[in-house]
Amino acid sequence: SQDFNADFSGGITISIWANIATGTGGWSRLIDFALGMEGNDNFLIGAWGAHPETLIMQVWDGNSSGTGIIGLSAIAFDQWKLYTLTGNGSGYYWYINDQLANDLSGLSFLPNSSLRPGVNCRIGGSNFAADPNLKGSIASVEIYNRALSQTEINQNFSNTRTRYGV
C-alpha cells in the first residue's frame, strides 16, 4: 500500500465512479482515509449511519470528534454514477454525474493536510472495525488538492461516462 499525502489548504475534490448496491449498510464507505487510529484525522465518504440511502462526507479533526458531515440526499442504487464532492473552504458542492445535487455554501472546514499511511487509506472499506464493507462496485477514485470548477466536473463526466453505460 502507498502512503497518501496532500495539502488541502487550497480545497479538495473527490470524484468516485460507483455502483452502490441496494442493501448497503449504514456507515459503509466508498473511501476512508485516516492518519492513524479510528477517528484521527479521517476523511470519509460513505452511507450515513441510520440513513444508508444518504451519502455523506465526514471530516475528523484529530481528536475523535467529527468536524463536519456533508450530506447528499439520494444515492442512486444499482446504477453507475459519478459522485463528486468539491470544497473550497467557503462551501461544498455535491454533484451526481454532471448535475449539482446539493449546494452547501458556508461550510468552511477542510481536511487536515497530513501524511496518511497507505494501510489506513481504504476504498470500499472502513478504518472502524464494526462498520460494514461497501456492497457494490467502485471503478475509480480521484482526489484533488483543489476545488474543481463545474466546467471541469462536467468534462470529467463527459470524458468517462461511456465506460459505465451512462
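Values in this document were obtained by computation on a predicted structure and should not be read as measured data. For the numbers below, each heavy atom of this structure counts, side chains included, while hydrogens, waters and symmetry mates do not. We're numbering straight along the sequence, starting at 1.
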When rounded to the nearest 0.5 Å, the distance separating CG of Asn127 from CD1 of Ile31 is 11.0 Å

Dump the intermediate steps for side chain to side chain donor-acceptor pair (under 3.5 Å) on Asp78 and Thr22, then the final yes or no. CA-CA 6 Å; Asp78 303 313; Thr22 300; 2.3 Å; yes

- Query: Can any side-chain N or O of Thr86 pair as donor or acceptor with the backbone N or O of Leu148 at less than 3.5 Å?
  - Reply: yes

Tyr164 meets the ring pair (Phe, Tyr, Trp, His ring centres under 6.0 Å) criterion, sequence neighbours left out, with Trp17, Trp80

Output yes when a side-chain donor or acceptor of Arg146 lies under 3.5 Å from a complementary backbone atom of Gly10, and no otherwise. no

Distance col, row Ser158:OG vs Asp98:CG, nearest 0.5 angstrom, shows 6.0 Å

(Q) Please check: side-chain N/O of Asn88 versus main-chain N/O of Gly91, any donor-acceptor pairing under 3.5 Å? (A) yes

For Asp131, the salt bridge (charged side-chain N to carboxylate O under 4.0 Å, His left out) test, sequence neighbours excluded, returns Arg29

- Item | Check: Leu30 and Ile20 side chains under 4.5 Å, non-hydrogen atoms | yes

- Task: Would you sort out whether Glu152 and Ser149 count as a side-chain contact (heavy atoms from CB on, under 4.5 Å), showing the intermediate values?
- Result: CA-CA 5 Å; Glu152 291 171 307; Ser149 68; 3.3 Å; yes

Note: Cys121 and Phe33 closest approach over all heavy atoms is SG-CD2, 3.7 Å

CD1 (Ile143) and CD1 (Ile14) are apart, to the nearest 0.5 Å, by 5.0 Å

Does one hydrophobic cluster hold both Ile75 and Phe157, with members joined at side-chain heavy-atom distances below 4.5 Å? no

| query | So, the side chain of Ser15 versus the backbone of Glu142: is there a donor-acceptor pair under 3.5 Å, distance only? | reply | no

> Can you check side-chain contact (heavy atoms from CB on, under 4.5 Å) on Trp94 and Leu104, steps first, answer last?
Replying inline: CA-CA 8 Å; Trp94 272 110; Leu104 298 157; 4.0 Å; yes

Practice problem: Taking Thr24 for its side chain and Lys135 for its backbone only, find out whether a donor-acceptor pair lies under 3.5 Å. | Solution: yes

The reported gap from OH in Tyr92 to CG in Leu85 (rounded to nearest 0.5 angstrom) is 6.5 Å

Within the side chain of Asp32, is there an N or O that forms a donor-acceptor pair under 3.5 Å with the backbone of Arg122?
no

### Task
Please assess Tyr95 against Asn102 for the test side-chain contact (heavy atoms from CB on, under 4.5 Å), listing each intermediate value before the final yes or no.
CA-CA 7 Å; Tyr95 292 83; Asn102 203 347; over 6 Å; no

Between Pro52 and Gly26 the two heavy atoms that sit nearest each other are CB-N, 3.7 Å

Nearest heavy-atom contact between Tyr93 and Ser105 is OH-OG, 3.4 Å

Checklist entry - Do Leu44 and Ile56 touch side chain to side chain, with heavy atoms closer than 4.5 Å? => result yes

- request: Would you confirm whether Thr160, through its side chain, and Asn156, through its main-chain N or O, come within 3.5 Å as a donor-acceptor pair?
  value: yes

Contacts of Gln79 meeting side chain to side chain contact (heavy atoms under 4.5 Å, CB included) (sequence neighbours excluded), chain-then-number -> Ala76, Lys81

Any Trp48 side-chain heavy atom under 4.5 Å of Leu55 side chain: no

Taking every heavy atom of Ala147 against every heavy atom of Gly87, the minimum-distance pair comes out as CB-O, 3.5 Å

| said: Could you check, using the six-membered ring where one of them is a Trp, whether Phe43 and Phe8 have ring centers closer than 6.0 angstrom? | reply: yes

Do Leu134 and Ile138 come within less than 4.5 Å of each other through their side chains, counting heavy atoms only?
yes

* Report yes or no: does Gln99 contribute a side-chain atom to a donor-acceptor pair with the main-chain N or O of Ile96 at less than 3.5 Å? => no

